[in-house]
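Note that ligands are numbered from 1 as they come in the structure, with each ligand's atoms numbered from 1 the same way.
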Amino acid sequence: MSAFFASIPQIAYEGPASKNPFAFKYYDAEKVIMGKKMKEHLPFAMAWWHNLCANGKDMFGEGTADKSFGAKPGTMEHAKAKVDAGIEFMQKLGIEYYCFHDVDLVPEDSEDINVTNARLDEISDYILEKTKGTNIKCLWGTANMFNNPRFMNGAGSTNSAEVYCFAAAQIKKALDITVKLGGRGYVFWGGREGYETLLNTDVKLEQENIANLMRMAVEYGRSIGFTGDFLIEPKPKEPMKHQYDFDAATAIGFLRQYGLDKDFKLNIEANHATLAGHTFQHELRISAINGMLGSIDANQGDMLLGWDTDEFPFNVYDTTLAMYEVLKAGGINGGFNFDSKNRRPSNTFEDMFHAYILGMDTFALGLIKAAAMIEDGRIDEFVKQRYASYTDTEIGRKIRNHSATLAELADCAAQMKKPAYPASGRQELLEQVMNEVLFK
Ligand code: XLS
Ligand code: NI
Ligand code: NI
């Protein structure tokens with residue numbers, strides 16, 4: 001196998017004092033935090049599409065990075081070169097997982113889906129052969145049902161029954177490949193599952209069709225031995241004006257409505273949370289309290305730009321609060337997929353490594369600080385005290401165990417005439433506590 005990143009050393013942990021740009025300052029894979037190794041808390045994954053495929057092309061200009069890896073793009077030689085480059089990249093960073101869309105792996109044949117499927121068989125054999133004897137495995141797979149023009153009106157939500165068959169065919173094949181590669185999850189990101197105008201849209205029919213496609217996917221997946229989680233990745237908009245899986249709460253309601261909640265969990269992407277007008281932490285909390293926190297797409301957005309910029313995680317406040325949620329939820333079954341891309345002018349191989357080192361260190365720091373916040377205990381204790389009236393008073397306990405009636409509570413209020421003000425929320429104090437922990 002030729003070395004694509006020969007000039008880059010193996011990336012090792014050197015600690016916060018290191019100035020080596022090719023070393024981790026915080027991510028120490030074997031270090032134990034709250035009873036678990038860092039690498040077990042943080043199963044990082046490489047996103048095939050951003051790292052091996054995207055060349056910086058955007059709506060306004062051509063690509064700036066060379067991702068040919070010595071082969072002609074659009075060929076199977078190139079597909080295989082990407083496998084070789086990807087494995088070398090992951091091994092240099094100590095990353096054990098990858099995520100893919102079907103068409104990230106092979107060029108799609110525009111005339112015949114059977115040709116594309118045969119290529120997928122070939123490349124998955126190649127991946128299995130090349131990852132044999134390594135720790136590298138698939139975290140999740142998915143079908144790209146938003147790029148091909150046939151999906152202009154969506155996949156499960158399309159108005160065309162013919163196109164719907166192609167969505168089914170792609171999901172079936174992507175599931176086959178995911179299972180073959182040992183994937184732990186299968187993701188549905190509803191790229192164009194939404195609408196531009198209600199004037200031409202039958203929302204009820206579209207949602208029923210999406211649910212039915214998911215139900216068929218579950219049936220098929222289980223029939224071929226897939227035991228992992230199916231995942232919905234919520235996103236409120238982009239490319240469509242309105243997307244059905246708007247946010248975690250909406251997706252959970254949808255899954256429950258159609259009886260899919262036993263097989264599905266959520267894949268929460270930080271940048272999608274902020275697009276929905278939520279924090280990353282909010283989306284994680286809503287998922288977790290509903291038993292739906294499955295996996296994470298690790299990136300961040302830019303608050304000054306209203307779109308999915310997919311930046312590498314850099315904001316330690318956000319990763320600390322995210323890891324606080326993950327620790328409180330007892331961890332996740334999925335992983336941390338860097339659905340992140342280099343900025344367009346960061347166009348060298350070195351930049352690809354700097355980006356992953358940044359992302360991994362930012363999450364490692366978040367983990368360290370979240371554990372410190374929990375060990376510090378002041379925030380947890382405050383929250384507990386804040387709701388003490390539900391444990392320390394008889395009426396509070398009756399409310400919590402559902403034995404109170406509306407009339408009884410109204411009587412209580414009549415006797416009190418006027419309640420005492422609730423105790424202060426102490427937000428500024430708690431933010432100060434967080435700063436103390438972060439900058440200790
Ligand atoms: C797009 C999504 C996409 C999914 C996988 O915004 O983040 O990349 O993660 O289809
Ligand atoms: Ni995204
Ligand atoms: Ni994503």
Inset, instruction - Let me see the working for Lys235 and Asp297 under salt bridge (Lys or Arg N to Asp or Glu O under 4.0 Å), right down to the final yes or no. - result: CA-CA 12 Å; Lys235 185 177 183 183; Asp297 266 13; over 6 Å; no

Legend entry - Which of the ligand 1 atoms, numbered from 1, are nearer than 4.0 Å to a heavy atom of Asp297: 9 (O)

Inset, instruction - Please say which of Leu284, Ile289, Ile296 ends up in a side-chain contact (heavy atoms from CB on, under 4.5 Å) with Glu325. - result: Leu284

Inset, instruction - Take the Ni ion (ligand 3) as the centre and count protein N, O or S atoms at distances under 2.8 Å. - result: 4

Inset, instruction - Step through the shown structure and confirm whether more than 12 heavy atoms of other residues, nucleotides or ligands are within 6.0 Å of CE on Met152. - result: no

Inset, instruction - May I ask whether His50 places a heavy atom under 4.0 Å from ligand 1? - result: no

Inset, instruction - Report the part of Glu238 (side chain from C-beta onward, or backbone N, CA, C, O) that has a heavy atom under 4.0 Å from ligand 1; answer both or neither where that applies. - result: neither

Inset, instruction - Return yes when Asp308 approaches ligand 1 closer than 4.0 angstrom through a heavy atom, no otherwise. - result: yes

Inset, instruction - Find, among atoms of Asp308 that are N, O or S, the one nearest to the Ni ion (ligand 2), and state its name. - result: OD2

Inset, instruction - Flag Lys235 as yes when one of its N or O atoms lies below 3.5 Å from any N or O atom of ligand 1, and as no otherwise. - result: yes

Inset, instruction - Using a strict cut-off of less than 4.0 Å between a Lys/Arg side-chain nitrogen and an Asp/Glu carboxylate oxygen, indicate whether Lys80 and Glu122 qualify as a salt bridge. - result: yes

Inset, instruction - Could you tell me whether some N/O pair between Glu233 and ligand 1 is separated by less than 3.5 angstrom? - result: yes

Legend entry - Residues Glu436 and Lys440 bridged, charged N to O under 4.0 Å: no

Inset, instruction - Using a strict cut-off of less than 4.0 Å between a Lys/Arg side-chain nitrogen and an Asp/Glu carboxylate oxygen, indicate whether Glu196 and Lys241 qualify as a salt bridge. - result: no

Legend entry - Check: His354 ring centre within less than 6.0 Å of Phe349 ring centre: no

Inset, instruction - Take Glu162 and Ser160 through the side chain to side chain donor-acceptor pair (under 3.5 Å) test and state the conclusion after the steps. - result: CA-CA 5 Å; Glu162 268 184 32; Ser160 156; 5.3 Å; no

Legend entry - Exercise: do Gln170 and Asp102 side chains pair donor with acceptor under 3.5 Å: yes

Inset, instruction - Over 60° means perpendicular and under 30° means parallel, so classify the ring planes of Trp49 and Trp140, tilted if in between. - result: tilted

Inset, instruction - Would you mind checking which non-hydrogen protein atom is closest to atom 8 (O) of ligand 1, with the distance to 0.1 Å? - result: Asp339 OD2, 2.9 Å

Legend entry - Nearest-contact summary for atom 5 (C) of ligand 1 - protein heavy atom, Å: His101 NE2, 3.2 Å

Legend entry - Backbone or side-chain N or O of Asn267 under 3.5 Å from ligand 1 N or O: no

Inset, instruction - Kindly confirm or rule out a cation-pi arrangement of Lys82 over Phe69, judged by NZ or CZ under 6.0 Å from the six-membered ring centre and within 45° of its axis? - result: no

